[in-house]
Amino acid sequence: MKALLCSKGMVKLADVPMPVLGLDEVLIRVKLAGICNTDNQILAGYRDFNGILGHEFVGIVESDPQGELTGKRVVGSITIACGNCWHCRRDQTSHCLNRITVGINNRDGVFAEYVTMPRRNVHIVPDSISDREAVLTEPLAAGMRVAEQVHILPTDRVVILGDGKMGLLAALVLRAMGNDITVVGKHEDKLSIATGMGLKTAKVGEMSGPVDVVVECTGSVTGLDTAINLVRAGGTIVLKTTTVDTYQIDLSPIVVREITLVGSRCGPFEPAVALMERHNVDLSDLVEAVYPLDQGVEALKHARRKGARKVLISIE
Ligand SMILES: [Zn+2]
Ligand SMILES: [Zn+2]
């Protein structure tokens with residue numbers, strides 16, 4: 001089968017053997033995959049990964065040895081947990097000490113014609129959700145994670161810092177959950193997408209007054225500094241950025257102003273799917289381009305462009 005193979009930070013289209021089903025796994029024919037910043041971060045050296053890249057997808061179960069999932073349209077959560085370690089026994093499977101992550105760590109990803117997944121990682125997609133929406137389940141779930149971690153009151157002022165994809169998705173999720181959201185960013189054109197989605201926006205430096213919660217989605221090490229300047233004393237910063245760059249930052253305001261700093265990563269799939277099923281989030285403006293798998297290398301290049309929205313890879 002065809003796949004986008006990553007080796008030593010380089011990526012190329014390659015012919016690779018079909019994946020072999022492991023115990024309690026299903027074989028999925030990938031329909032549509034999404035390029036995430038993490039994919040390009042891996043190519044930039046964020047993680048030493050050799051294998052098929054990609055972790056955001058929607059596909060059809062081609063074969064399920066137990067039968068019940070065969071033919072179903074599904075998405076899949078990316079962390080494969082051992083089920084036995086300290087965290088797994090406490091239901092914190094995303095922090096499994098022996099975790100494997102699809103397309104990121106020790107396991108082939110989804111930029112391929114087929115992928116295998118453990119049955120427990122697979123979620124059926126209701127018919128009312130389009131492929132273009134379903135492929136965004138994973139980043140949407142990452143936005144959902146914020147609501148799991150921080151108790152946000154309807155009276156709280158919440159700033160989403162960063163007008164990129166992660167910022168927009170987090171803003172859409174938190175607004176759908178009834179919160180008062182303002183997207184704060186640097187780019188007029190990207191902020192206008194947020195405005196088009198009916199979100200309140202402001203340029204960095206123009207936001208005033210106490211901000212109770214800042215969700216930092218800038219993708220840059222400088223975002224935390226801006227977040228510290230925005231948040232009120234006693235407020236909360238949720239840090240979403242993962243980057244290869246190193247932070248050089250004065251942490252004393254966090255101590256002096258008693259700011260709570262929360263790291264936040266992957267989120268739950270089921271509520272993300274439920275949110276899409278109720279059409280509480282409109283994701284149609286997020287996708288910028290769709291490339292066939294054959295042009296996957298170009299697609300990754302496109303996704304690296306400054307200010308690019310979501311780039312998808314169609315595999316049909
Ligand atoms: Zn992702
Ligand atoms: Zn574990």
Side-chain angles (χ1 to χ4, degrees), residues 4 6 11 22-24 30 32-44 46-47 49 51-59 75-112 115 117-118 120-121 123 131-146 162 164-170 172-173 215-219 239-244 263-269 272-273 276 281 283 286-288 296 299-300 302-304 308-313:
L4 287 181
C6 168
V11 66
L23 193 67
D24 225 13
V30 181
L32 196 59
I35 298 176
C36 176
N37 283 344
T38 309
D39 300 319
N40 276 318
Q41 292 278 356
I42 287 170
L43 293 175
Y46 160 66
R47 191 175 265 288
F49 172 74
I52 299 168
L53 207 57
H55 58 271
E56 300 175 3
F57 79 99
V58 56
V75 290
S77 50
I78 66 173
T79 302
I80 298 173
C82 74
N84 288 315
C85 72
W86 192 93
H87 287 291
C88 282
R89 277 186 268 120
R90 284 157 184 81
D91 218 13
Q92 301 162 354
T93 49
S94 66
H95 295 293
C96 169
L97 296 171
N98 310 306
R99 74 176 173 275
I100 288 168
T101 320
V102 174
I104 294 174
N105 172 28
N106 269 326
R107 176 132 182 161
D108 279 334
V110 302
F111 295 159
V115 66
M117 284 244 163
R120 65 176 184 277
N121 281 56
H123 304 261
D131 284 346
R132 274 189 181 220
E133 291 173 299
V135 75
L136 297 170
T137 306
E138 194 266 340
L140 202 63
M144 195 67 88
R145 178 69 180 145
V146 177
K165 299 176 286 277
M166 185 68 240
L168 290 177
L169 282 162
L172 290 172
V173 169
V215 184
E216 192 284 318
C217 304
T218 63
L239 202 53
K240 276 282 179 198
T241 291
T242 51
T243 166
V244 278
S264 179
R265 211 166 40 122
C266 303
F269 267 46
V273 170
M276 287 189 281
V281 286
L283 305 171
L286 272 168
V287 175
E288 176 163 304
L300 280 155
H302 184 151
R304 268 200 297 276
R309 278 169 286 148
K310 203 75 187 171
V311 178
L312 305 179
I313 297 177

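Everything numeric here is computed off the predicted structure, so don't read it as measured data. Ligands are counted one by one from 1 in listed order, and the atoms in each one are counted from 1 as well.
In this structure, OE2 of E56 and NE2 of H55 enclose an angle of 110° at the Zn ion (ligand 1), rounded to 10°.
For the Zn ion (ligand 1), the N/O/S atoms of E138 include one lying under 2.8 Å. Metal site remark for the Zn ion (ligand 2): H87 contributes no N, O or S atom at a distance under 2.8 Å.
The shortest heavy-atom contact between N40 and R304 is OD1-NH1, 2.8 Å.
Counting only heavy atoms from C-beta outward, the side chains of L4 and L300 approach each other to under 4.5 Å. Side-chain contact between L43 and C6 is present, with at least one heavy-atom pair separated by less than 4.5 Å.
Applying the side chain to side chain contact (heavy atoms under 4.5 Å, CB included) test between T93 and each of S77, C82, C88, C85 identifies C88 as the sole match.
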